[in-house]
Amino acid sequence: MIKVMFVCLGNICRSPMAEFILKDMVKRRGGSFEIASCATSSEEEGNAVYAPAAQMLAQHGISCAGKRAVKFSPADYQHYDYILCMERRNVRSLDRVTNGDPEGKIRRLLDFSDNPRDISDPWYTRDFQQAYDDILEGCEAFYDYLRREGKL
Ligand code: 4NP
């Protein structure tokens with residue numbers, strides 16, 4: 001069982017999109033996973049996925065019903081194998097909470113792709129299509145990495 005935690009700033013746009021895109025991918029392509037998402041901030045705690053992000057998922061037949069924002073907890077660091085951040089800023093925030101990532105679990109999602117980069121925050125850019133495309137690219141690259149490494 002591969003345990004994956006996605007992380008962004010608010011846990012209402014990017015990391016929930018990543019959570020449900022990877023869950024959908026696993027359903028179609030296979031693998032034994034536990035997948036969740038969380039925030040580095042408590043700003044949106046308890047809130048549902050932001051409507052434009054939920055709509056992007058719905059356009060691809062993916063439901064995120066019932067998801068509520070939660071904040072990263074130190075226990076998550078022990079539980080999850082891969083802690084995948086949307087941007088460098090999230091990595092820096094977690095570094096403080098995890099005392100510098102001693103087990104090397106924290107990565108940026110798009111560092112698995114051929115074009116490593118941050119995923120811009122659609123809360124500010126308003127470009128939910130770009131966020132969806134980037135997250136899909138990252139999830140595919142991550143899934144392919146696991147397969148290459150013989151972890152699936
Ligand atoms: P997310 O977007 O990190 O992709 O979920 C954000 C949502 C809300 C806020 C920041 C980012 N906020 O500050 O409320």
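Every number for a ligand or one of its atoms is a count from 1 in the order of the listing.
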- Is a side-chain N or O of Asp76 found less than 3.5 angstrom from the main chain of Ser73, in a donor-acceptor match?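 Here the side-chain-to-backbone pair exists.
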- Message: Donor-acceptor pair, distance only, cut-off 3.5 Å: does the side chain of Asp101 make one with the backbone of Ile106?
- Response: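 A pair under 3.5 Å: yes.
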- Message: Quick check on the hydrophobic clustering: are Tyr82 and Val26 connected, directly or via other members, by side-chain heavy-atom contacts under 4.5 Å?
- Response: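 Cluster IDs for Tyr82 and Val26 match.
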Answer side chain, backbone, both or neither: which part of [X] comes under 4.0 Å from ligand 1, heavy atoms only.
{"X": "Asp121", "answer": "side chain"}
{"X": "Tyr50", "answer": "neither"}
{"X": "Met86", "answer": "neither"}
{"X": "Arg14", "answer": "both"}

Any atoms of ligand 1 less than 4.0 Å from a non-hydrogen atom of [X]? List them with their elements.
{"X": "Ile12", "answer": "5 (O), 7 (C), 8 (C)"}
{"X": "Tyr124", "answer": "10 (C), 13 (O)"}
{"X": "Glu43", "answer": "12 (N), 13 (O), 14 (O)"}
{"X": "Gly10", "answer": "1 (P), 3 (O), 5 (O)"}

- Query: Between the side chains of Asn11 and Lys67, does any donor sit under 3.5 Å from an acceptor?
  - Reply: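 Looking only at side-chain atoms, Lys67 and Asn11 do form a donor-acceptor pair, the distance falling under 3.5 Å.
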- Item | Carboxylate-amine/guanidinium proximity below 4.0 Å for Arg14 and Glu87 |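 Yes, Arg14 and Glu87 are salt-bridged.
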- Query: Between Arg28 and Asp24, is there a side-chain N and carboxylate O pair less than 4.0 Å apart?
  - Reply: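 Between Asp24 and Arg28 there is a salt bridge, with a charged N closer than 4.0 Å to a carboxylate O.
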- Does Glu44 reach ligand 1 with a nitrogen or oxygen that is under 3.5 Å from one of the ligand's nitrogen or oxygen atoms?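 Glu44 vs ligand 1: N/O contact under 3.5 Å present.
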- Query: Under 3.5 Å between some N or O of ligand 1 and some N or O of Leu9?
  - Reply: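 Yes: some nitrogen or oxygen of Leu9 is under 3.5 Å from one in ligand 1.
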- Task: Return each pair, listed once, that meets side chain to side chain donor-acceptor pair (under 3.5 Å) where at least one residue sits in residues 53-64; pairs must be two or more places apart or across chains.
- Result: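 Of all non-adjacent pairs touching residues 53-64, those that pass side chain to side chain donor-acceptor pair (under 3.5 Å) are His60-Tyr132.
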